[in-house]
Each structure stands twice: as structure tokens, then as C-alpha cells.
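To find a chain, count down the sequence lines: A is the first, B the second, and so on, and within it residues start at 1.
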Amino acid sequence: MQFLVSRFNPERDDKPRQQSFEVETWRGMMLRDALLEIKRQDESFTFRHSCGEGVCGSDGVNVNGTNRLACITPVSELNAPVEVRPFPGRPIIRDLVVDMSQFYNQYRAVEPWLVRKDPMPEQEILQSPEEREKLDGLYECIMCGCCSTACPSFWWNPEKFHGPQALLTAWRFLADSRDQAEEERLDALEGPYKLFRCHTIMNCVEVCPKGLNPTKAIGHIKQLMLKNAI
Amino acid sequence: MGLVKRRFDALIIGAGGAGLNAALQMARTDARVAVVSKVFPTRSHTVAAQGGVNAALGNVMPDNWHWHMFDTVKGSDYLGDQDAIEYMCREAIPTVYELEHNGVPFSRLDNGKIYQRAFGGQSQNFGGAQAARTCAAADRTGHAILHTLYQQNLHARTHFFDEYFAIDLIRDDEGAILGALVLEIETGEPLLIEAKATVLATGGFGQVFRTTSNAHINTGDGMAMALRAGVPVMDMEFFQFHPTGIAGRGMLITEGVRGEGGYLINKDGERFMERYAPNAKDLASRDVVSRAIVTEVKEGRGCGPNADHVLLKLDHLGEEIISKRLPGIRETGKIFAGVDAAREPLPVFPTAHYAMGGIPTDRFGRVISPAGTGEEVVPGLYAAGECACVSVHGANRLGGNSLLDILVFGRAAGLDMQEQLREHHRPMNEAGVEQAMARLERWDQKGEGVGVRELRDEFRKAMEDHAGVFRTEEIMTEGLQILRKLRDKLSEVRLQDHSKVFNTARIEALELENLIDCGMAIAVSALARQESRGAHSRPDYPKRDDINWMKHTLYYRDGDRLDYKPVKTRPLTVEPFPPKERVY
């Protein structure tokens, strides 16, 4: 099977180029296995990866135009030649490795930690199964960045718009019955950019490898703002 | 250009659960703490832990830390240190509450308390009925814990060095650890971090075996750094093979599946665990279940066209339980085995999973090394988590005790270190820095040679063939010869890629050196131990031998030397659990 992978080494190249590799495929082969095979042929080929089972979120790449996690993308689902590029819109460090610092900055900007103002009980803070269920579809995010780097609003305003990943996280804490910073969280999301640059294009929903729905989470935040405003 | 230096009160190497929990204790003080991680923290392998963390909260049925302690001692096949085990089982309870307060989204019971499930080797009343002690966030508990700890560290403004690779510890002539030389992966530039105290929290080294549940990054960096600094590693022959990896691939299927009521069958559809562990059956200890599976396959009762695996049946649990309690493994089964576990059984086989052994520490996380007739603390050095050996797991770790270990002892190290920080920085040892730089510069050698991947593949294959579930004198002696040859071949390895920016080939070369050091420690320690205990199973010495072998192995890199030290059988406050025959 033919793979066209993006190559860029800042010590040598002015701009990225596509290089072709031929890889023998096998039943059950994932895209990550193919990338490892390419690295076997040329050790200078560079990409991030680790767990190999879709939980660490290291190996997000753009394959045939879509952001996906390489380790859980079967090559049998892909049309040859398979074009593998780095995430769009992020500065390229080398080959498929991009600089994700803007993405992480936006994550930090939503203050992604549980805030509890009441004194802590001696045992656990109680939470009913129904309250806990509200976190399903939110807490599972692996921060791979597939969503935010597929979002046109994030491409245009990565320093101002939080992007789908950070907003999903913001809602994860707003939706947690134990969190006591609703007002501060909502206030911090005011303004034309941080939240409201989402134009419900829904690329994020389409590409999320964990099947999460940031657009819906953003909708919930807007509803809550509206409710509190009335 | 001179080497860039940074100074911190404390340096933590590794950003999994142990490193992040240590950092969190420190960051809440005034101390300046640096966390160095070769991956962005939430990519650390704690993220992959599924089933949960043990604590005798008694939320589902009566429980007691003392019963947890008994189970852990028995699970360890009496090789665990009972003082550390008592400490861990007592601390488990406040540790889990603290996690919950920090925001971990645990699954819940109807009364709002943390959900707990049954796991292997758990009992009530010192060996009685099955207990339910494992606190779970569905089957993504490690992910939930790691992300929460990272979030709280962001809140506490911990200083992170993301994507920095630790090359070596720097040690002075008195043996004190002064910090470490690290490499910024993005730029390829070295950086010297000076610290009054250094914590190794680098996790395991499952990558030493070909088929493993471990991530690409689990290459034993911390253990190898300790070995190179002259510190021995302990009980390395005890390596856990998790019974249920996806056959042929190795991805983990949590023990929680069996905790929720799933069970194993062979090609005849027989629940074969009933023969091997009449009481606990599928929830026997992991070493017992792994041996049973390998035996079934060896004796021709394996499933599939090659009769090379068994089946894990859980479809009878029903769609609702599976989607609520085991959603992650359903996904994993679909992707990697092409099987919907809610409809058909999953093909499974043991997979290299966890190192019981590691850098010897006391229950405060301080690294200890033999000195004269006793032992002493290595000044300025701590270790916690899978890279450490306290020892709470002895010869076999219980499921759910791994997340517990990293949290309890990460925290203990973070607290104890605060004492150290009143002292001043010791003067840097320039010769030590040069030595560490030499390790890095060795990979600048150009020319034709053996490839990193080629040697790595050979080494991992040799480990799998010669240091697996069953080990005989013959297999291991042959293995050790092969491994020594492969170690010698390391000097012939050359990189072709010498660029500086994000050179992953160079990182993999450094990791290969680490893997080889860890693999040799396993092979040498295993060959010497002439008994069967926990995960170390010798068909030629099938019995446990408490008279000659109830002792910890210490392996030194220098000359592949072995030494031994006694097991601590005296707990902190309760009566010791004397060795008994271990049946489930």
C-alpha cells in the first residue's frame, strides 16, 4: 500500500514535502503500525505515539484530509495512496510533529480543575449516579487535539477562541455537581471570542476519536448563560 | 556554548500518577518543583489503567484495611514487606477520598458513594468471601486519576518540563544525588537541572517484552538511571503477565471484566479456572490465572485456528452493565479484535504487564542501598510508583494495588522530601556531568552499524522466549547467553539520523540502552532464584522455598552481581502474617 507522508526537518528544509513509502499491510494493521514500518525504512521519519490503544492521545494526525488517531485507525478503512500530514493550522516542528502549546494554553485558560468552596467532608463528596452520568461524554477526553485543530474558528483565532477541547472541558466542570465555581466559570467565558466564536460547524464532533460532542457541550454552556441571565 | 543549568528545590522525573502526586504535595508548599516528562503529562501510562484503585472503604460490603493487608501479603506470596503493606492499606482510604476531593469522576452507587467492584485476590475476613474493594471510574480509572492530578498541578502552578528526556542522575563523591542531565526533545539541547531532592517516577518497562500491555514509552528509564548510578534494583525476576491481553496484540482487557462477572473458557467451552482455583475461580490472583491460560493452550485446549488463546466471555452481563461499567474495553475489543464483547467472547492471552521489582525504597519513598551489614538512604534520591520496589507487591501484585501504590508512595515521597529542602544545594560534580554528557554524545558516532530497531526487536523477542510465564534452568541459561551477546552488540549500534530537532531515533537509542539494562536484571535475577513464587514460576523447582528463598534479590549492573536481603515480616502495629500455602 502506498503512503504519502509529510516530511519537514527545519535543519534542512524550507517547506514541507510529501514522501512516498510502500508498506506491506496485514490484517488488523493500524495506521500507527504503518507509520512504524515507515520509520523502520527511514529512522529519521518523526511522529509522536505511545499507548497504541487510543487512550494517551499522542498520535493525532491528518489522514486523507481528516484528523484521526493513528493507533485506532485501521489501514483497511483508508484509500491509497494514504496521505498523512500533521494537524492543520499548527506550527510544524518536524514531519508529523506540531507545536500544540496554543492548544494547551487554551486548556489551561478554562481553569480545568474542580473548585470546592465548602469545607471538604471526611469521606467522599456525595454524588448521585444521575449527577455522575452528566459527566459521561465529557471526562473521557484524551486531549489529542483532533477537534480543535479541525476547527476553522480555532485556525483563525487560536489565541482568542478556546476551541472545542477546552470548551468541552469547561462544561465538564460546569456539569459536575461537586464544582462550586459556576459563576466565575461563566463570567470568564463572556466576550465575543472565547466561547462565541463557535459557529457550530461541527468538525469537532465528526473527528473526535472518542465519540465525544464538543458542540453539544458548547450549546449547554450557552443555555446556562442564558438561563442565568434571565 | 556552556551547558544551560536550572536550579530547583526538587526535581521529579516522570509525570504519571506517582510523579504528579509527589509534585502536588510539594507544590502546595513554597518549594520550587520541576517535573520532567518525556511526554506531555496526560500521555503518561497511568492513563491506560482501567479497573480501579483498591481501598477498604466498605461502600458495597463490609471491608477493613487489615483484610486488604492480608490479601496483599498473601498475593505477594509472602515476599512483600509487611510494614510497607500495612502503611499502604491504611493510607489507601484517605488517599482515595483525597482523589475524590480533587475531582476524580468516580462511578457512583445509589447512595452517592464511590462505586467499588470485585477484583482478583480480594477477600473479607482474612481469606473468606469475595470482597469488593476496587474504586472505579467505569473502566477508565487511570485516565480519570491522571487527568485530575494534572489539573490540580496546573492549579498549584507546578513547573513542567514537557517533552524532556532524562539522560542520567548526577551523583557526587559521597554518593548524594545532585539532580539530573536532561534533554529537551524539541531542540535537542541538554539541560542540567540541580535539585536538593530528586524523585524517580518513571514507571515500568513492559517494552522489554515483545507482547505487552505497556506503551511505547515504558522503557525503564528510571531503573536504568539508578543502575548506572550504582544503585541496585530489587526483585526484578518478578514480572507480571496479565492474564487477559487481546490475543496476539497485547492490549489490556481489565480484570474488572471478571470482577463484573465475566469468565474464561477454553475450546470446549469449559470454565477451566474452576479446576485451577476452586474457590476464587476467575478471580484468583493474576499469576495463577496466567499460568492456567498458558497451560490450557499448551495442553491443546486453546481456541481459534491456531489453538493459541482462550476466550473471555462477558456477553451474558448484558448491554447495560457493559456500556455502563466496561465501555472502554468494548471499544478496545471492537477495534483490535474485531469483536463486540456485548455479543461474542473476546480472544485473550497473557500479556507482559507490570514490574513488581524496581528501585528499592522504604515506605517514605527514600531510595535505600546496602551498606556494610545494613542499609542506608541514598542522599537526595527518591523513587515511587512502578519504577520503585517498596516492596508492597512482592512476587505478585494484586489488581487495583498499582494505582494505589503510585498514589500512596508518590504522596509519601512528596511529603518526606519537604524535610530535605531545608538544606542547601550541594556543589555540582562536574565529572558526573561529563559522564552523563558522554552517554548522550556516544550517539553522535557516525557510520554504518546495527540499527536501533533491529537490536530492539531481537532483544524483546529473546526476553519473550526466555523469561516468560514458565522458566526452566535450560531456557533461562540459553536466554542469558543470547541476551549477553545482544548487550555486547549495543556498541555496534549507530544512528543514521543525527539531526537535533525532535530526533526520536536518538531517544529510542537511549531507551534501548535502558531496556537492555532492565532486561538483563530480569534474566540474571530469575536464573538464580531456584523456587517458584508468585509470578516467577519454575517447573524445575515447582515449590516455594521459604527456608532458602524468602528474601529479596538485589541486582547490580556492575558485573551482573547479585546480593540478597531479608523480607521485612514485621508490620507497623499489627501481628505479622506468617507464610502459609497460597491457594485460591
Student: With rounding to the nearest 0.5 angstrom, report the OG1 to CD1 distance, A:Thr46 to B:Ile507.
Tutor: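 Separation between the atoms: 11.0 Å.
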Student: Can you name the nearest heavy-atom pair linking A:Met30 to B:Ile335, along with the distance?
Tutor: CE-O, 3.4 Å
Student: What part of B:Asn153 gets within 4.5 angstrom of chain A, counting heavy atoms only: side chain, backbone, both, or neither?
Tutor: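 The answer is neither part of B:Asn153.
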Student: Is the shortest side-chain heavy-atom distance between A:Glu43 and B:Leu495 below 4.5 Å?
Tutor: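 Result yes, sub-4.5 Å side-chain heavy-atom pair found.
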Student: Among A:Cys144, A:Gly28, A:Gly57, which residue forms the greatest number of heavy-atom pairs with chain B at distances under 4.5 Å?
Tutor: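 It is A:Gly57.
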Student: I need the minimum non-hydrogen distance between B:Ala215 and A:Cys51, along with the two atoms involved.
Tutor: CB-CA, 3.6 Å
Student: Would you mind checking if B:Arg249 and A:Glu53 are paired as a salt bridge, meaning a charged N to carboxylate O distance below 4.0 Å?
Tutor: no
Student: Is it the backbone or the side chain of A:Glu122 that comes under 4.5 Å from a heavy atom of chain B, or both, or neither?
Tutor: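 For A:Glu122, backbone heavy atoms alone lie under 4.5 Å from chain B.
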Student: Testing the basics here: between B:Ser499 and A:Glu11, what is the closest heavy-atom pair and its distance to 0.1 Å?
Tutor: CB-OE2, 3.4 Å
Student: As an exercise: rank A:Pro112, A:Ser128, A:Pro10 by heavy-atom pairs under 4.5 Å with chain B and give me the winner.
Tutor: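 That would be A:Pro112.
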Student: Side chain from CB out, backbone as N, CA, C, O: work out which of these in A:Phe45 comes under 4.5 Å of a heavy atom of chain B, or both, or neither.
Tutor: backbone
Student: Top residue by heavy-atom pair count (under 4.5 Å) with chain A, among B:His45, B:Arg453, B:Glu331?
Tutor: B:Arg453
Student: Of all heavy-atom pairs between A:Tyr139 and B:Ala138, which one has the smallest distance, and what is that distance?
Tutor: OH-CB, 3.7 Å
Student: Regarding A:Asp136 and B:Arg140, does a basic nitrogen lie under 4.0 Å from an acidic carboxylate oxygen?
Tutor: no
Student: Please determine whether the number of non-hydrogen atoms from other residues, nucleotides or ligands lying under 6.0 Å from atom CD of B:Glu320 exceeds 12.
Tutor: no
Student: Are A:Tyr104 and B:Phe160 side-chain neighbours, meaning at least one heavy-atom pair lies under 4.5 Å?
Tutor: no
Student: Which one, A:Glu111, A:Glu140, A:Arg12, leads in non-hydrogen pairs under 4.5 Å with chain B?
Tutor: A:Glu140
Student: Verify side chain to side chain contact (heavy atoms under 4.5 Å, CB included) between A:Met143 and B:Val47, making sure each step is shown before the conclusion.
Tutor: CA-CA 12 Å; A:Met143 297 176 71; B:Val47 81; over 6 Å; no
Student: Would you call A:Glu124-B:Arg108 a salt bridge at under 4.0 Å N-O?
Tutor: no
Student: Quick check: are there more than 12 heavy atoms from other residues, nucleotides or ligands sitting under 6.0 Å from CD of A:Gln41?
Tutor: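 Counting neighbours around CD of A:Gln41, more than 12 heavy atoms of other residues, nucleotides or ligands fall under 6.0 Å, so yes.
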Student: Against chain A, work out which of B:Arg43, B:Gln496, B:His216, B:Glu454 has the most heavy-atom pairs shorter than 4.5 Å and name it.
Tutor: B:Arg43
Student: If you tally heavy-atom pairs under 4.5 Å against chain B, which of A:Glu130, A:Arg116, A:Arg108 wins?
Tutor: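 Counting heavy-atom pairs under 4.5 Å, the top option is A:Arg108.
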Student: Under 4.5 Å heavy-atom distance to chain A, tell me which part of B:Phe40 shows up: side chain, backbone, both or neither.
Tutor: side chain
Student: Does atom CG of A:Asp14 have more than 12 heavy-atom neighbours from other groups under 6.0 Å away?
Tutor: no
Student: Heavy-atom distances under 4.5 Å only: say whether A:Leu135 touches chain B with side chain, backbone, both or neither.
Tutor: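 The answer is the side chain of A:Leu135.
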Student: Hey, could you give me the CZ/CD distance between A:Arg172 and B:Gln151, rounded to the nearest 0.5 Å?
Tutor: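 Rounded to the nearest 0.5 Å, the CZ-CD separation comes out at 6.0 Å.
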Student: Might you confirm whether atom NZ of A:Lys210 has over 12 heavy atoms from other residues, nucleotides or ligands at distances under 6.0 Å?
Tutor: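 Yes - once you tally the heavy atoms of other residues, nucleotides and ligands closer than 6.0 Å, there are more than 12.
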Student: Could you report the tightest heavy-atom contact between B:Asn111 and A:Leu126, atom names first, then the distance?
Tutor: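 For B:Asn111 versus A:Leu126, the nearest heavy atoms are O-CD2, 4.0 Å.
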Student: Can you measure from CD1 (A:Ile142) to CG (B:Leu146) and round to the nearest 0.5 angstrom?
Tutor: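 Between atom CD1 of A:Ile142 and atom CG of B:Leu146 there are 12.5 Å.
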Student: At a heavy-atom separation under 4.5 Å, does A:Asp59 approach chain B through its side chain, its backbone, both, or neither?
Tutor: neither
Student: Side chain to side chain contact (heavy atoms under 4.5 Å, CB included), that's the test. Do A:Gln127 and B:Glu100 meet it? Break it down for me.
Tutor: CA-CA 11 Å; A:Gln127 184 173 49; B:Glu100 196 279 333; 5.6 Å; no
Student: Mind ranking A:Asp95, A:Asp99, A:Val97 by heavy-atom pairs under 4.5 Å with chain B and telling me who comes out on top?
Tutor: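 With the most close heavy-atom pairs to chain B, the winner is A:Val97.
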Student: Given a strict heavy-atom distance threshold of 4.5 Å, which part of A:Arg27 is in contact with chain B: side chain, backbone, both, or neither?
Tutor: neither
Student: Under 3.5 Å, is there a donor-acceptor pair between the side chain of B:Gln152 and the main chain of A:Trp113?
Tutor: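 Side chain of B:Gln152 to backbone of A:Trp113: no pair is present.
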Student: For chain B, which candidate among A:Pro74, A:Gly211, A:Cys141 shows the most heavy-atom pairs at distances under 4.5 Å?
Tutor: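 That would be A:Cys141.
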Student: Side chain, backbone, both or neither: which part of B:His143 has a heavy atom under 4.5 Å from chain A?
Tutor: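 Only the side chain of B:His143 comes within 4.5 Å of chain A.
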Student: Return the minimal non-hydrogen interatomic distance between B:Phe502 and A:Arg48, and the atom names on each side.
Tutor: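 Minimum heavy-atom contact is CZ-NE, 3.8 Å.
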Student: Report which part of A:Arg132 has an atom under 4.5 Å of a heavy atom belonging to chain B: side chain, backbone, both, or neither.
Tutor: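 Only the side chain of A:Arg132 comes within 4.5 Å of chain B.
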Student: Out of B:Asp162, B:Asn102, B:Val501, B:Ile217, return the one with the most heavy atom pairs under 4.5 angstrom to chain A.
Tutor: B:Val501
Student: Looking at B:His101 and A:Gln123, would you say the former's side chain and the latter's main chain have a donor-acceptor pair under 3.5 Å?
Tutor: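 Present.
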Student: Taking 4.0 angstrom as the limit, do B:Asp497 and A:Arg94 come out as a salt bridge?
Tutor: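 Salt bridge between B:Asp497 and A:Arg94, a charged N being under 4.0 Å from a carboxylate O: yes.
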Student: Taking every non-hydrogen pair under 4.5 Å, which of B:Lys324, B:Met251, B:Glu98 racks up the most with chain A?
Tutor: B:Met251
